[in-house]
Amino acid sequence: MPSTSLPATPPVLPISEHEDEIVAAVEANPVVVVIGETGSGKSTQLSQILHRRGYTRRGTIAITQPRRVAAVSVSRRVAQELGVSIGEEVGYAIRFEDRTSEKTLIKYLTDGVLLRESLSNPELKQYSVIILDEAHERSLNTDILLGLMKRLIKDRASDLKVLITSATLDGLKVSKFFSGCPVLNIPGTIFPVEKFYSTDRPTNYIESSLRTAIDIHVKEVPGDVLIFMTGKDDIDKMVSKLEERIQNLEEGSCMDALVLPLHGSLPPEQQVRVFAPAPPECRRFIVATNVAETSLTVDGVVFVIDCGYVKQRQYNPSTGMYSLDVVQISRVQADQRAGRAGRTRPGKCYRLYPSSIYQKEFLEATIPEIQRTSLAGSVLYLKSLNLPDIDILMFDFLDPPSRESLEDALRQLYLIDAIDENGQITDVGRLMAELPLDPSLSRTLIEANELGCLSQALTVAAVLSAEITLRQTRSKEIERKRKRRELPDGSGWGDHIQLLQIFESWDQADYDPKWCSDHDLQARGMKFSKDVRNQLSQIIQKIAKGPTDLQARRGRKSDPDYRKLRKALCVGYGNQLAERMLHHNGYHTVGYRTQLVQVHPSSVLEGDEYGKLPVYVVYHELINTTRPFMRNVCAVEQAWVKPILKKLEKLNIKKLRYGGHVFKPMIVQVARCTSYTNNLEYFITAVVQLHQQILNLWVTSK
DNA sequence: GAGCACTGC
């Protein structure tokens with residue numbers, strides 16, 4: 001490691017007063033939990049403190065962030081405070097962009113990037129300190145990292161320090177997870193926010209928000225208003241109604257007003273409007289989704305209106321289906337929303353629910369992502385790490401996902417050849433884990449490489465992982481239809497093929513952003529899929545067999561029916577297969593559970609001359625809205641389906657969990673226990689887990 | 001013939 005010669009000029013932040021306390025705790029313990037409220041400076045200062053105290057002498061300090069923008073902006077800030085340029089002593093690494101060098105001592109990175117690094121370098125030797133920042137957000141990746149860190153500190157007890165930092169995280173719970181490590185509290189610099197509750201839950205929260213907003217506008221001092229809604233539809237409704245009501249107010253009775261929507265699917269140029277300073281003598285109303293809760297910070301907000309709901313996507317492992325539900329927020333979320341009013345001066349938060357509901361009905365914290373999502377990708381990742389104790393269901397999670405969810409993941413991975421019937425990762429599975437994709441798409445790529453249609457499959461995988469959506473301009477419905485007709489239609493084979501054709505057309509237009517807008521496509525999504533495709537090409541060149549032809553324009557004419565590509569998709573989506581009913585166009589899923597589903601109306605797939613849809617299709621996902629739908633489907637042939645049916649017959653969850661040698665994992669675990677008997681708590685935990693394992697085995701084998 | 005919150009490798 002190069003020697004350190006950074007100037008040290010810490011700004012005065014609450015955390016600075018706790019410097020000695022922090023350093024003492026880190027010195028004496030492998031893991032320390034730091035609870036720092038908003039404005040405590042933990043994200044920018046912790047790394048600098050440890051750097052000053054010599055922790056960069058034998059390695060780099062890594063600080064993970066759940067979001068890319070945060071990794072970039074915080075690292076820039078730190079570089080500025082230390083008077084160095086980014087990429088030198090201070091750098092960041094996010095997908096598609098690595099701004100670090102051999103000189104880098106403080107490295108900000110997304111949690112996903114750190115997980116990828118740990119794949120090729122499980123001990124993460126280059127780091128002397130790993131800080132998991134914003135752990136309270138409980139992103140899927142952070143949760144997996146928490147489990148990995150618990151292991152890592154045992155293997156690197158002498159030379160690794162781990163800090164878990166968060167705003168409101170239940171410190172005791174994490175401390176318990178890490179064998180009772182110390183918890184430090186750092187106060188923040190947020191201003192007080194007064195909270196007002198409704199006496200009842202409103203029957204119509206749009207109307208209720210409207211009245212509150214007008215009330216503020218007429219009676220309150222200047223200051224912007226942030227209104228939390230659940231989705232785009234509600235926001236649009238709210239914006240137009242609010243504008244109307246403000247217009248109807250008596251002339252000169254109050255100041256000017258500007259109403260702005262804010263949500264993720266807004267084009268960037270419209271999102272930016274929110275960050276422009278307000279015109280003088282004008283109150284802004286920002287009607288936003290959850291983006292304004294953590295991802296985007298709007299300056300000037302003094303009033304918050306909180307409807308108490310959020311739209312949440314959840315996965316049901318017993319049906320394999322996603323649903324998007326409006327659910328009550330948690331107390332942590334409610335407080336986070338309220339905190340948005342106190343960033344520049346004391347504020348007010350209007351909660352459109354009674355305090356009894358906040359106290360009794362709201363969950364303490366939001367259900368962590370790991371319990372709301374399909375785990376196939378994460379389980380494959382963990383399997384690829386070759387952890388010594390083999391049963392993935394015993395992985396030490398802070399909040400374990402359900403057994404059902406983990407078993408669902410094992411079944412899915414088995415059906416696409418990532419693990420064998422004994423639950424062991426296969427060679428195919430190892431390759432899949434290298435690719436930053438959903439397991440189905442990575443399996444498709446590997447099969448495509450065998451079949452000689454890699455270039456097309458790369459495009460499909462890239463476009464699908466960018467999830468481009470055809471932009472919706474409801475007011476210009478007719479025009480939209482006209483434009484969409486000019487786009488390729490998948491040649492009757494479905495949405496995957498259409499997406500491929502769209503990307504190829506864009507490629508032929510030399511990736512012109514204007515081509516996207518002309519065809520009513522989101523340029524942002526298309527650009528992202530192009531970046532993903534490049535990244536995938538680079539990775540696959542290292543692992544592909546034989547010569548690879550990766551140009552997007554190639555490979556079109558040789559296979560007019562896209563047979564190779566569709567076959568590769570059939571193998572990759574072997575866990576997501578559906579068969580049409582005999583007499584109508586409904587489908588049932590083919591797998592270890594059967595669901596009645598339909599092709600989503602947005603699909604390009606159309607019936608034959610008799611109006612019949614293909615007998616077999618694979619689908620990208622099941623989403624339960626008004627009914628269960630398959631989104632993004634591709635027609636496949638019966639002959640390709642047979643191997644999947646065969647695998648289904650052999651599927652045995654007991655074997656997937658415990659493998660052929662059921663006692664091997666236990667023996668390994670006992671061996672591990674005995675080598676850690678100096679840590680009594682770990683020993684007890686391991687024995688309890690072993691006991692549990694034997695019990696499970698006994699129960700399931702009966 | 002329906003309608004999608006937010007992240008990330």
Side-chain angles (χ1 to χ4, degrees), chain A residues 64-71 93-98 109-120 134 137-145 228-236 262-266 288-296 307 309-314 322-327 329 333 366 368-370 372-373 377-378 380-381 384 432-439 441-442 461-462 465-474 477 480-481 522 525 528 531-532 535-536 538-539 585 598-606 621 623-632:
Chain A
T64 69
Q65 295 291 328
R67 276 174 296 281
R68 300 159 52 101
V69 271
I94 59 176
R95 190 177 191 177
F96 312 132
E97 204 182 352
D98 184 352
L109 69 178
T110 49
D111 45 19
V113 169
L114 188 62
L115 275 183
R116 286 280 140 198
E117 288 186 358
S118 123
L119 205 55
S120 53
E134 312 290 357
E137 289 190 22
R138 302 296 304 276
S139 75
L140 177 61
N141 289 338
T142 297
D143 266 22
I144 292 171
L145 281 172
F228 284 102
M229 298 265 110
T230 58
K232 184 178 171 300
D233 278 3
D234 285 355
I235 288 173
D236 291 346
L262 177 62
H263 52 81
S265 47
L266 223 50
T289 60
N290 250 12
V291 272
E293 203 176 282
T294 47
S295 307
L296 301 176
C307 69
Y309 291 102
V310 68
K311 212 176 265 186
Q312 217 169 53
R313 187 178 149 100
Q314 18 216 8
Y322 278 97
S323 59
L324 202 60
D325 308 317
V326 173
V327 299
I329 58 173
Q333 246 178 319
T366 310
E369 192 184 356
I370 200 163
R372 286 189 283 117
T373 191
S378 301
L380 177 61
Y381 173 85
S384 76
M432 286 167 61
E434 296 280 325
L435 294 159
L437 287 172
D438 291 343
L441 291 175
S442 53
S465 64
E467 261 207 90
I468 64 153
T469 42
L470 301 178
R471 197 191 294 155
Q472 309 232 325
T473 43
R474 201 177 295 199
E477 188 77 11
R480 180 170 67 93
K481 280 188 177 155
Q522 289 200 27
F528 185 80
D531 289 341
V532 173
Q535 187 193 25
L536 294 175
Q538 281 168 22
I539 297 171
N585 275 338
Q598 289 187 329
V599 175
H600 197 276
S602 65
S603 173
V604 288
L605 199 66
E606 281 177 354
E621 75 172 359
I623 177 110
N624 195 1
T625 49
T626 51
R627 267 177 288 173
F629 288 112
M630 298 183 280
R631 267 193 39 195
N632 291 324

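We name chains A, B, ... by the order of the sequence lines, and we start the count at 1 in each one. These numbers were taken from a predicted model, which means no experiment stands behind them.
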Checklist entry - So what does A/Leu115 hit on the nucleic acid, given a heavy-atom distance under 4.0 Å: a base, only sugar-phosphate, or nothing? => result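 If one applies the 4.0 Å heavy-atom cut-off, A/Leu115 turns out to touch nothing in the nucleic acid.
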Nearest-Å distance for atom pair [atom1]/[atom2], residues [X] and [N]:
X: A/Leu140; N: B/dG8; atom1: CG; atom2: P; result: 13 Å
X: A/Asn585; N: B/dA2; atom1: CG; atom2: P; result: 14 Å
X: A/Glu137; N: B/dT7; atom1: CD; atom2: C1'; result: 9 Å
X: A/Tyr322; N: B/dT7; atom1: OH; atom2: P; result: 17 Å
X: A/Arg67; N: B/dG8; atom1: CZ; atom2: P; result: 7 Å
X: A/Arg138; N: B/dT7; atom1: CZ; atom2: C1'; result: 16 Å
X: A/Asp438; N: B/dG8; atom1: CG; atom2: C1'; result: 11 Å
X: A/Lys232; N: B/dC6; atom1: NZ; atom2: P; result: 11 Å

Item to check | Short side-chain N/O contact from A/Thr110 to OP1 or OP2 of B/dC9, under 4.0 Å | outcome: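 So the side chain of A/Thr110 is within the cut-off, an N or O lying under 4.0 Å from OP1 or OP2 of B/dC9.
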Next on the checklist: Between A/Arg372 and B/dC6, is there a contact of a side-chain N or O with OP1 or OP2 at under 4.0 Å?
Outcome noted: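 Result: no.
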Among the candidates [options], find the nucleotide nearest to the side-chain atoms of [X].
X: A/Arg116; options: B/dT7, B/dC9, B/dA2; value: B/dC9
X: A/Pro601; options: B/dG1, B/dT7, B/dC9; value: B/dG1
X: A/Ile94; options: B/dT7, B/dC9, B/dA2; value: B/dC9
X: A/Thr289; options: B/dT7, B/dC6, B/dA2; value: B/dC6
X: A/Phe629; options: B/dA2, B/dC6, B/dA5; value: B/dA2
X: A/Val291; options: B/dG8, B/dC6, B/dA5; value: B/dC6
X: A/Arg627; options: B/dG8, B/dA2, B/dA5; value: B/dA2

Checklist entry - Considering residues at least two apart in sequence or located in another chain, which fulfil the side-chain contact (heavy atoms from CB on, under 4.5 Å) criterion with A/Val326? => result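 Residues passing side-chain contact (heavy atoms from CB on, under 4.5 Å) with A/Val326: A/Thr230, A/Tyr309, A/Lys311.
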Item to check | Smallest separation among heavy atoms of A/Ala70 and A/Gln65, with atom names | outcome: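 For A/Ala70 and A/Gln65, the tightest heavy-atom pair comes out as CB-OE1, 3.7 Å.
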Item to check | Shortest non-hydrogen contact between A/Val113 and A/Arg95, atoms and distance | outcome: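 Where A/Val113 meets A/Arg95 most closely, the heavy atoms are CG2-N, 3.9 Å.
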Checklist entry - Considering heavy-atom distances to DNA chain B, does A/Leu435 or A/Ser265 have its closest nucleotide positioned more toward the 5' end? => result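 The 5'-side residue here is A/Ser265.
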Next on the checklist: Going by ring pair (Phe, Tyr, Trp, His ring centres under 6.0 Å), name the residues that satisfy it together with A/Tyr381, two or more places apart in sequence or in a different chain.
Outcome noted: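 Result, ring pair (Phe, Tyr, Trp, His ring centres under 6.0 Å) vs A/Tyr381: none returned.
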Checklist entry - Heavy-atom count around A/Glu606 CD within 6.0 Å, excluding the residue itself: above 12? => result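 No.
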